[in-house]
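Because the structure is predicted, anything quoted here is derived from the model rather than measured. In this chain, residues are counted from 1 in sequence order.
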Amino acid sequence: MTPQDTARRVTRRRAQTRANLLDAAFAVFAAKGFGRVSIEEVCDAAGYSRGAFYSNFATLDELFFALYRDRADLIAAQVADALAQDGPGLDVPAAVERVTEVLLLDVDWLLVKTDFLVHAARDPAVAQALLDHRARLRAAVADRLSRARGHTALPAVLGDAEGAAHAVVAAYDGVTTQLLLDKDVDAARVWLGQLLTALLTDGSGTPE
C-alpha cells in the first residue's frame, strides 16, 4: 500500500468516525436536550473513546454546531432542488407540493433545532450562524421567485421576491412549531402546503 493509499484510508476512516459521532449526538440531543448531554454520553452512544471525539471536535458546542449546519444545509438543498424543476414560469401549487413532499419534517430534528435556537439567543456567534442559514434558505426561495417574475405574478402584499421568501420561511417556522406540540407529521405537510399556496397565489391554488 502506497503512502497515498494509506492517507486516503485514514481520511475515509476519520470521516466515518465523524459521521458516526454526529449521528449518535443527534439521537442523544433529541432525547435529552443539548444542555443535558456530556461528551461521554455522545462517545458511549457512538461506541468511541474521548480520543476519537477530540480528534474530530474541540468541544461539544463545535459538534452541535456541525450537526445543525449539516441538517440545515440539507433542508436548503431540498428546497432549492424542488424549486429548480420548473421552466421560466413557476407552477406554484406544483412547486409547493414538491417542496412539502421532500422537506425534512422530523420531530427529533425540530427538538435539536429548537435547542440550537435557544443556544443562539444567548451567544451572538451562534446566532450569526443561524441567521446565515436562514438567509441561505430565503435566498434559495427568492432566487427562484425572482426568475419567475414576468411569468408568474405574486400577491402584491408580499412586495418583492425577497418579501415572499421571508413569508415562506415564516410559514415553515409556524408549522414546525405546531408539529413540535402535536407530533402529526402528515398534518404538518398538508397544512404547510395549504399555507404556502395561499401565500404565493390568490388563495385558490391558481397563480395570479
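Under a hydrophobic-cluster definition in which Ile, Leu, Val, Met, Phe, Trp and Tyr are linked whenever side-chain heavy atoms come within less than 4.5 Å, directly or via other members, Val37 and Val118 are assigned to different clusters. Under a hydrophobic clustering in which Ile, Leu, Val, Met, Phe, Trp and Tyr are joined whenever their side-chain heavy atoms come within less than 4.5 Å, directly or via other members, Val175 and Val185 fall into the same cluster.
Considering every non-hydrogen atom in both Ala46 and Asn20, the closest pair reads CB-O, 4.0 Å. Shortest non-hydrogen contact noted between Ala171 and Leu199 is CB-CD1, 3.8 Å. Ala142 and Glu162 get closest at one heavy-atom pair: CB-OE1, 3.7 Å. Of all heavy-atom pairs spanning Val28 and Ala45, the tightest one is CG2-CB, 3.7 Å.
Residues forming a side chain to side chain contact (heavy atoms under 4.5 Å, CB included) with Leu180 (at least two apart in sequence, or on another chain): Leu110, Leu111, Thr114. With sequence neighbours excluded, no residue satisfies ring-ring contact (aromatic ring centres under 6.0 Å, His included) with Trp191. Annotation: side chain to side chain contact (heavy atoms under 4.5 Å, CB included) contacts of Val168 (sequence neighbours excluded): Val141, Leu196, Leu200. Shown here are the ring-ring contact (aromatic ring centres under 6.0 Å, His included) partners of Phe65, two or more places apart in sequence or in another chain: there are none. Glu62 is linked by a side chain to side chain contact (heavy atoms under 4.5 Å, CB included) to Phe57, Ala58, Thr59, counting only residues two or more places apart in sequence or in another chain.
Side-chain contact between Asp108 and Val112: absent, with no pair of heavy atoms (C-beta onward) separated by less than 4.5 Å. Gln178 is not listed as a side-chain neighbour of Asp184, based on a closest heavy-atom distance of 4.5 Å or more. With a 4.5 Å cut-off on side-chain heavy atoms, Tyr48 and Val42 do not count as touching. A 4.5 Å side-chain heavy-atom check between Arg69 and Leu130 finds every atom pair outside the cut-off. Counting only heavy atoms from C-beta outward, the side chains of Leu195 and Tyr172 never approach each other to under 4.5 Å.
Atoms CD1 and CG, from Ile39 and Asp44 in turn, are 12.0 Å apart once rounded to the nearest 0.5 Å. Rounding to the nearest 0.5 Å gives a distance of 11.0 Å between CG of Leu131 and CZ of Arg136. The CG atom of Asp123 sits 7.5 Å away from the CG atom of Asp61 when rounded to the nearest 0.5 Å. Of the inter-residue distances, the one linking Glu40 atom CD with Ser49 atom OG reads 11.0 Å to the nearest 0.5 angstrom. Taken to the nearest 0.5 Å, the CZ atom of Arg18 stands 8.0 Å off from the CG atom of Leu63.
Of the charged side-chain nitrogens involved, none lies within less than 4.0 Å of a carboxylate oxygen, so that Arg189 and Glu101 do not count as a salt-bridged pair. The pair Arg71-Asp106 does not count as a salt bridge, with every side-chain nitrogen at least 4.0 angstrom from each carboxylate oxygen. In summary, Glu41 and Arg36 do not engage in a salt bridge, as defined by a charged side-chain N under 4.0 Å from a carboxylate O.
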Starting from the C-alpha separation in whole Å, work towards a yes-or-no answer on side chain to side chain contact (heavy atoms under 4.5 Å, CB included) for Leu117 and Lys113.
CA-CA 6 Å; Leu117 176 62; Lys113 175 186 164 186; 5.8 Å; no
Begin with the C-alpha distance, continue with both residues' side-chain angles, and end with the deciding distance and a verdict on ring-ring contact (aromatic ring centres under 6.0 Å, His included) for Trp109 and Tyr68.
CA-CA 9 Å; Trp109 158 243; Tyr68 177 84; 5.6 Å; yes
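Although no hydrogens or angles enter the test, the distance criterion places no donor-acceptor pair under 3.5 Å between the side chain of Thr197 and the main chain of Gln194. Checking side-chain atoms of Arg14 against main-chain N and O of Ser55 turns up a donor-acceptor pair under 3.5 Å.
The ring pair (Phe, Tyr, Trp, His ring centres under 6.0 Å) contacts involving residues 12-35 comprise Phe29-Phe34, Phe29-Phe64, Phe34-Phe64, Phe34-His119, where partners must be two or more places apart or lie in separate chains.
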